[in-house]
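Remarks on the structure that follows.
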Amino acid sequence: MPLALLALAVGAFGIGTTEFVIMGLLPEVADDLHVSIPTAGHLVSAYALGVVVGAPLLAAVTARLSRRTVLIGLMALFVAGNALSALAADYDYLLAARFLSGLPHGAFFGVGAVVATTLVAPERKARSVSLMFLGLTVANVVGVPAATLMGQHLGWRATFLAVSAIGLAAIASLALLIPHDHAHAPAVGLRRELAALKSLPVWLALGTTVAGFGALFAAYSYITPMLTDAAGFADASVTLLLALFGVGATAGNLVGGRLADHSLRGTLFGGLVSLGAVLALFPLLMTTEWSAALAVVLLGVAAFVTGSPLQLMVMEKASAGPSLASSANQAAFNLANAGGAWIGGLALAAGFGATSPAVAGALLALLGLGVAGTAWRVDRGRAVPGRERVVAAHVPDQAAVLQP
């Protein structure tokens, strides 16, 4: 695997850290800026809104630029957003800065995934995407706890300055490690990118992302009350258990990348079935502490097995112009975050019990499996004899890129 994937992973690590660390710093931010914690919680939504808006928008407006240049520019915008967050004079300023920080998130992962697949041999495409996403999952194990601890001891502004420093390291890595001979070949133009989005298989792949990861967030958004009210853990133990989720997500991401290189659709189907099964078992697993801890790990594994296959699936279905569709998949991921949390909240509000969001998530996983099955049937109807898979983001001079 080329070192350029390390540069993409560094950027993903910084993005993953800033996305999730705010959740652990809400009390400090609320106290410092003299707002309530629910009001401070809007900072989470502002970032997610930035992702949804920025993913397709920035991918579209940069379609004619070289992807190497786009990645560096997106990370520069990321650094600016986090630096402005650290310097925010009041709550409204910070809200705007968080929205700005979220804008490059989806486009970076979308364009970065396309670049990752063009740096490796065809049989390693899914693995290359999983290695880029490794930065995101490791952020949940290392980056978020460390940044939260820093914010609690040095102030929340120090956390955002540290994240900005990670972004600067990512810019340097991208500039040094992304090959110059790769810089201009992949640009395909806005018209081809938009045309790729007209495909039904692309929208079915995006729909699978929304339903599949909606299943995860229906449960994960309410994992703390499940662990404390149902399993009986003390509040102080939750941070460690969430780190276990990150460990599971990291393992699932790596396993999913390897399996998807052998069978993309089989890995996707298997991951969704596993996710649904784990979520359906949550009411039983949350009855004891040891089984609840196991459930958290298994949830991370099952959910992130599907991450790389879903990203690659979208890119394959939009192979003529994959950057915009790939970025749109990140917007779909954040829609899944919001929608899954809402559906899980409905189950709780209806009085079905602390583990009911997981059962709702199991139903969403079943829906995702149905959408994926529909996509499979559509593909069979359009199948080209002798061709089982479409290679995403084909680059005419790719052989040159692969030279040692």
Side-chain angles (χ1 to χ4, degrees), residues 9-48 50 75 77-102 104-105 134-173 220-225 227-228 233-250 293 296-297 300:
V10 172
F13 178 82
I15 289 174
T17 299
T18 201
E19 179 180 18
F20 295 109
V21 73
I22 188 65
M23 300 172 188
L25 295 178
L26 288 181
E28 287 76 14
V29 173
D31 182 63
D32 185 48
L33 299 181
H34 309 294
V35 297
S36 66
I37 288 182
T39 299
H42 294 159
L43 297 169
V44 178
S45 302
Y47 184 93
M75 193 49 57
L77 181 61
F78 170 82
V79 171
N82 282 279
L84 290 172
S85 296
L87 300 173
D90 55 35
Y91 171 76
D92 292 335
Y93 194 151
L94 181 57
L95 194 69
R98 285 295 291 172
F99 176 80
L100 180 64
S101 300
H105 175 130
L134 184 64
L136 179 64
T137 57
V138 170
N140 283 281
V141 181
V142 179
V144 173
T148 301
L149 190 64
M150 175 184 291
Q152 291 171 344
H153 288 82
L154 301 178
W156 61 269
R157 298 178 189 274
T159 293
F160 289 114
L161 287 175
V163 172
S164 297
I166 296 172
L168 291 174
I171 290 174
S173 300
Y220 188 69
S221 300
Y222 305 98
I223 195 70
T224 296
L227 292 170
T228 55
F233 279 103
D235 291 342
S237 303
V238 172
T239 300
L240 176 60
L241 291 165
L242 294 183
L244 288 179
F245 172 84
V247 172
T250 300
V296 171
V297 176

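Please read these numbers as outputs of a predicted model, since none were measured by experiment.
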Which atom pair, heavy atoms only, marks the closest approach of [X] to [Y]?
X	Y	answer
Thr17	Ala147	CG2-CB, 3.9 Å
Met75	Ile171	CG-CG1, 3.5 Å
Leu87	Arg157	C-NH1, 3.7 Å
Ala89	Tyr93	N-CD1, 3.6 Å
Asn82	Ser101	N-OG, 3.4 Å
Phe160	Thr18	CE2-OG1, 3.8 Å

Under 3.5 Å, side chain of [X] to main-chain N/O of [Y], donor-acceptor pair present?
X	Y	value
Ser164	Ala83	yes
Arg98	Gly50	no
Tyr47	Ile22	no
Thr159	Met150	no

Original post:
Between atom CG of Leu95 and atom CG of Leu33, what is the distance when rounded to the nearest 0.5 Å?
Top reply: 11.0 Å
Subject >> From Leu94 atom CG to His42 atom NE2, the distance as rounded to the nearest 0.5 Å >> reply: 13.0 Å
Subject >> Phe245 and Ile223, any side-chain heavy atoms less than 4.5 Å apart >> reply: no
